[in-house]
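A short write-up of the structure that comes next.
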Number of protein chains: 2
Amino acid sequence: MEENVSSAGQENGRDHGRDTRSRLRELALQLFAEQGYEKTSLREIAEQLGVTKAALYYYFKSKEDIVRSLVEDYVAQIDDLIAWGKDQPRTAATRAEIVHRYMDIVVNGTEVFRMLQQNQAAVSSLASAKERGELFRERMDSLVDLLAGPDAALRDQIRAASALMSISIGCMHYQRRAADPAELRAALLDVATELADAAPEQAALGPKS
Amino acid sequence: MEENVSSAGQENGRDHGRDTRSRLRELALQLFAEQGYEKTSLREIAEQLGVTKAALYYYFKSKEDIVRSLVEDYVAQIDDLIAWGKDQPRTAATRAEIVHRYMDIVVNGTEVFRMLQQNQAAVSSLASAKERGELFRERMDSLVDLLAGPDAALRDQIRAASALMSISIGCMHYQRRAADPAELRAALLDVATELADAAPEQAALGPKS
DNA sequence: ACCTGAACACCGTTCAAGT
DNA sequence: ACCTGAACACCGTTCAAGT
């Protein structure tokens, strides 16, 4: 597992040469999330870092490998959540717990998730540690199965998927303009837990506002 | 407004030279959606079309301009929906109608929306006919305002946003593996209309399944 | 009107070489 | 261990020129 972006923790106590590798990761994340993965060139990163393009290849074996190192931690956290969920009874309490934990993971890595979301195509062919593609899609499916059950009706699968999407996209989209982050968190959890539980009888014909 | 991808309708009745421009658009959409915008090179497109890279610049003034021409129609349809919604009373019936119309637009252009979703960063700086960036973000905000009201509580804004996201992502994600498209449509509309209406009293503590 | 060939600046990547 | 300089194939774009 890789170190986190914000915490360096190398033995070098200096200030200027303070861990080129972690400065690189921090800068790359910021640029990838802001302007996009493909629109950010290695020359641009190298320049702002004060090194040559070629120097980056000392730390990472490719441009995609930088993304992999940024995403790794969060993929692992989601895998942990899935593993944990598989051992739990399928109750409303478990579903609420899954929703809460998923929220914490996303809140913790908002910048990384924003970057992933904005560069899906560019990043979808990422080979994680083992050999896989489809970085998030199948993990989403696993979480949906945990929430709705593997043989759930289509409608309840969609509710579960919507719950997860509301959390991730809600975080990334509203975090910057919501006055109170705690209020946002509560609102998202509220909507997500409602969705994570099975559908009410018939909802197609909504009541008067 | 641009012609649709599937309907050519030029005066040339031949088969081989049958409208290079529309063949180009069709092929580009397919490749952009499948492998991503940045991973698809103009050389690749030109080769499969049997022309030179430079020939593409006779039809479109840049690579991004191809995307613009693919997206244009759907942006216009959404603008129409927003304009229509602004003249309606804010009732449950109006909300249901907005949700239905939005769904029809997305279903009609699934491939285009999939491509947009997968290449957000690459495409976000697209200058539409007038001069704007932020192709979809602000339109989403407009639709949310129509559904929840401009001074709605954060929770209801999120519900409205989730309703729209469930439809688009649900279409793109489940369309290929859902057995019956009508069932998918019904399920998505069900979830979306439930979300488009205001929240029930308190939902944070879900009932037993 | 429709297309080509050749050139342009830029990109990610490699590699031998320097300290 | 950490980095440079120069080269590679490829990219999107332009443009004069051909039919």
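A quick note: this is a predicted structure, and the numbers were derived from the prediction, not measured. First the proteins, then the strands, lettered A, B, ... as listed; each starts at 1. Scope of the values below: all heavy atoms of this structure, side chains included, with no hydrogens, waters or symmetry mates.
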Margin query: Show, in sequence, the C-alpha distance, side-chain angles and deciding distance for A:Glu64 and B:Lys39, and conclude whether the salt bridge (charged side-chain N to carboxylate O under 4.0 Å, His left out) test is met.
Written below: CA-CA 13 Å; A:Glu64 284 211 335; B:Lys39 293 212 156 126; 3.4 Å; yes

For [X] and [N], give me the distance from atom [atom1] to atom [atom2], rounded to whole Å.
X: B:Glu38; N: C:dC10; atom1: CD; atom2: P; answer: 17 Å
X: B:Lys61; N: D:dG12; atom1: NZ; atom2: C1'; answer: 15 Å
X: B:Leu24; N: C:dC3; atom1: CG; atom2: P; answer: 10 Å
X: A:Lys39; N: C:dG12; atom1: NZ; atom2: C1'; answer: 18 Å
X: B:Tyr57; N: C:dG5; atom1: OH; atom2: C1'; answer: 15 Å
X: B:Phe60; N: D:dT14; atom1: CZ; atom2: P; answer: 15 Å
X: B:Leu56; N: D:dT13; atom1: CG; atom2: P; answer: 10 Å
X: B:Lys53; N: C:dC8; atom1: NZ; atom2: P; answer: 14 Å

Next item on the list: State the pairing partner of C:dG12; accept Watson-Crick or G-U wobble contacts with both distances under 3.5 Å, and report none otherwise.
Entry: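 Pairing partner: D:dC8.
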
Notebook entry, point to check: What nucleotide, of C:dT14, D:dC3, C:dG5, holds the atom closest to the side chain of A:Thr20?
Noted result: D:dC3

Next item on the list: Would you indicate which nucleotide in D:dG12, C:dG12, C:dT4 comes nearest to any side-chain atom of A:Lys63?
Entry: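 It is C:dG12.
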
Under 4.0 Å from OP1 or OP2 of [N]: is there any side-chain N or O of [X] that close?
X: B:Tyr58; N: C:dC3; value: no
X: A:Thr52; N: D:dC2; value: no
X: A:Tyr59; N: D:dA1; value: no

Check: By a strict heavy-atom criterion of less than 4.0 Å, which residues belonging to residues 40-51 of chain B are in contact with DNA chain D?
Finding: B:Thr40, B:Ser41, B:Leu42, B:Arg43

Note to self: Taking the basic N atoms (NZ, or NE/NH1/NH2) and the acidic carboxylate oxygens, is any pair closer than 4.0 Å for A:Arg23 and A:Glu26?
What the structure shows: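 Salt bridge flag = no for A:Glu26 with A:Arg23.
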
Checklist line | From CG (B:Leu154) to CG (A:Asp180), nearest 0.5 Å | finding: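 So the gap between those two atoms works out to 9.0 Å.
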
Check: For residues B:Glu44 and B:Gln35, is any side-chain donor paired with an opposing acceptor at under 3.5 Å?
Finding: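 B:Glu44 vs B:Gln35: donor-acceptor pair found between side chains.
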
Check: Going through the distances and angles, do B:Asp104 and B:Arg185 end up as a salt bridge (charged side-chain N to carboxylate O under 4.0 Å, His left out)?
Finding: CA-CA 9 Å; B:Asp104 286 342; B:Arg185 198 187 128 90; 2.7 Å; yes

Check: Can A:Gln117 and A:Ser168 be said to form a side chain to side chain donor-acceptor pair (under 3.5 Å), step by step?
Finding: CA-CA 9 Å; A:Gln117 152 84 211; A:Ser168 13; over 6 Å; no

Checklist line | Shortest non-hydrogen contact between B:Ala192 and B:Ala163, atoms and distance | finding: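 Scanning both residues, the minimum pair turns out to be O-CB, 3.5 Å.
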
